[in-house]
There are 2 protein chains.
Amino acid sequence: MRRFLMDVDDETLQHIPKYLRIQQELLHYIRSNEWGPGAKIPSEAELCDQYQVSRGTIRRALDELERQGLINRSPGKPTVVNTPKIPLLSSGFRTDIARKGMKPGTKVLRIHVVKVPPDIAPLLMVSENTQLLLIERVISADDIPIIIESAHVARLVDTITAEEVESTSLLELIPAKCHVNLARAVESYEPIALTKAQAQLLACRAGNLGIKDQAVLYDGENRPVYVSTAIVRGDKARIVTETSFHVHA
Amino acid sequence: MRRFLMDVDDETLQHIPKYLRIQQELLHYIRSNEWGPGAKIPSEAELCDQYQVSRGTIRRALDELERQGLINRSPGKPTVVNTPKIPLLSSGFRTDIARKGMKPGTKVLRIHVVKVPPDIAPLLMVSENTQLLLIERVISADDIPIIIESAHVARLVDTITAEEVESTSLLELIPAKCHVNLARAVESYEPIALTKAQAQLLACRAGNLGIKDQAVLYDGENRPVYVSTAIVRGDKARIVTETSFHVHA
DNA sequence: GTCGTTTAAATGTATAGACAAGAAAAACTA
DNA sequence: TAGTTTTTCTTGTCTATACATTTAAACGAC
């Protein structure tokens, strides 16, 4: 029978809420690998008994762990500890997954001509109401969906097929179709909580942590070629970039 | 008197939980700037009345918005809408804040010789139990704390003063003190929920979204010079990087 | 045995109520 | 008027309960 700490260091109990103390203790079991990847953790009812608190308090502790991608919950099934993250080289996710010996997969959601969204228009330096190509796809590694990528292409090219998008990096495909070379990329990263729609595409839970990686790609004349917005699952991947410094001397 | 939508599109009510519908509606008021930065939003009790739900449901809706950094809550005070994010150029946060016309501030937490943590040792290619210099500081913009930066320096230099750390970018300071040039940086980004300790240093709430930016800096001979771990507030800043592609042909 | 049904167990949503803690406004006192 | 105390309003924590939804196991009929 598992024993829980909780009341061990009562002298340091300085008004830390119960749900936090429980959360920290459960975190300890996971970090210390006492509960390894795939391990079932006690049910909410069992935790209620063991900690002598109400279910709401237990759920609040588990909520936090779930958001951080440490555990997987779903109704009907017991809650299990998650597996660690895959490092992903930014710019060229597809290529990088293959390089790591995993099987890259791509599911094309749509390739459509759409009106430019108001937040994308200034980045591409086009006026509103401009029609341009939108490519949306989900990239997976070993059949686990990891990234939702959507790209707005500045020029209206119509020779891009779903097959090409399924098998090629946008970093290669789009410049080739637009007959330009990419020279520069400006990317911004911000943490997000996944929406229900995003979570559905990524086969995980709404509210989980993710990174929104928005990139603007420029050609040699500093004209924007396309804007890419990638939603990356925070529980399965982290983004890795490499920078070289110009040596001055 | 404010009017809420909620029951407008009842025909599309396809089992979306109440707390989510409410959350989306509040989000709409914020995004549409109907509730601009600094605006007070109705109290929980008022929202209960207006939506005819229990307080728990309202709080659950607000929790999500708070985590995304869209609102600021604190006991005793009414809840207000937050101000937008600052874009931060990665590598050289201090410098970048100044360039944006904001007042950069630095508070040194400690400059100490410590035993290398087990997760840092392999990155710096040193053996365990090695003693090395740890620099910890909080960087702020216009007196708002934005980043907790902690750096482990591979070589044991002892001529670094708190004054230097307060006024200089580590990207310049450390290479100068170690008598090397930086040639390359490998950074990884992952979304996190701020811990209580981190939130305290950043004057925000535990559980808020943030980005953990871990960078390893190398010299010209590809030897690691230092490892920097930055915890960036997700509600106040986003990280921006710029990449140049090598033109081949 | 195999297919379909029932049952149990797990998480998800929602309610109502109680008390604590912090901050600001109101009332009071000097 | 100025300073202090009290009150009130706000968010934070916690409980207990109820029912819904999903999954898997147990059971039965064939």
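Convention: sequence-line order gives letters A, B, ...; per-chain numbering from 1.
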Assess whether side chain to side chain donor-acceptor pair (under 3.5 Å) is satisfied between Tyr19(A) and Glu64(A), documenting all intermediate values.
CA-CA 10 Å; Tyr19(A) 76 92; Glu64(A) 221 22 66; over 6 Å; no
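- Of the charged side-chain nitrogens involved, none lies within less than 4.0 Å of a carboxylate oxygen, so that Lys212(B) and Glu187(B) do not count as a salt-bridged pair.
- At least one side-chain nitrogen or oxygen of Arg59(A) sits closer than 4.0 Å to the OP1 or OP2 atom of dG12(C).
- Taking atom CD of residue Glu44(B) and atom P of nucleotide dA16(C), one finds them 16 Å apart after rounding to whole Å.
- In terms of phosphate contacts, Lys77(A) brings no side-chain nitrogen or oxygen within less than 4.0 Å of OP1 or OP2 of dA9(C).
- Put simply, NZ on Lys40(A) is 14 Å from P on dA9(C), counting in whole angstrom units.
- Atom pair Asp49(A):CG and dA9(C):C1' shows a separation of 14 Å (rounding to whole Å applied).
- Remark: side-chain polar atoms of Gln52(A) are paired, donor with acceptor, to backbone N or O of Asp49(A) under 3.5 angstrom.
- The CD1-P distance, from Ile16(B) to dG12(C), rounds to 18 Å in whole Å.
- Side-chain atoms of Thr83(B) and Lys236(B) form a donor-acceptor pair, as typed in the model, at a separation below 3.5 Å.
- Atoms CG (Leu47(B)) and C1' (dA14(C)) sit 17 Å apart, rounded to a whole Å.
- Of the candidates Asp235(A), Asn208(A), Thr79(A), Asn72(A), Asn208(A) is the only one forming a side chain to side chain contact (heavy atoms under 4.5 Å, CB included) with Glu66(A).
- Listed nucleotides: dT15(C), dT13(C), dA10(C). Nearest to the side chain of Pro17(B): dT13(C).
- Distance Ile58(A) CD1 to dT11(C) P: 11 Å, rounded to the nearest Å.
- Rounded to an integer number of Å, the gap from Arg67(A) CZ to dG12(C) P is 13 Å.
- No hydrogens or angles considered: nothing links the side chains of Tyr189(B) and Gln214(B) as a donor-acceptor pair under 3.5 Å.
- Using a 4.0 Å heavy-atom distance criterion, Arg60(A) is classed as a sugar-phosphate-only contact.
- A donor-acceptor contact shorter than 3.5 Å is absent between the side chain of Arg233(B) and the backbone of Gly210(B).
- Protein chain A touches strand DNA chain D; the 5'-most and 3'-most nucleotides with an atom under 4.0 angstrom of its non-hydrogen atoms are dT13(D) to dA24(D).
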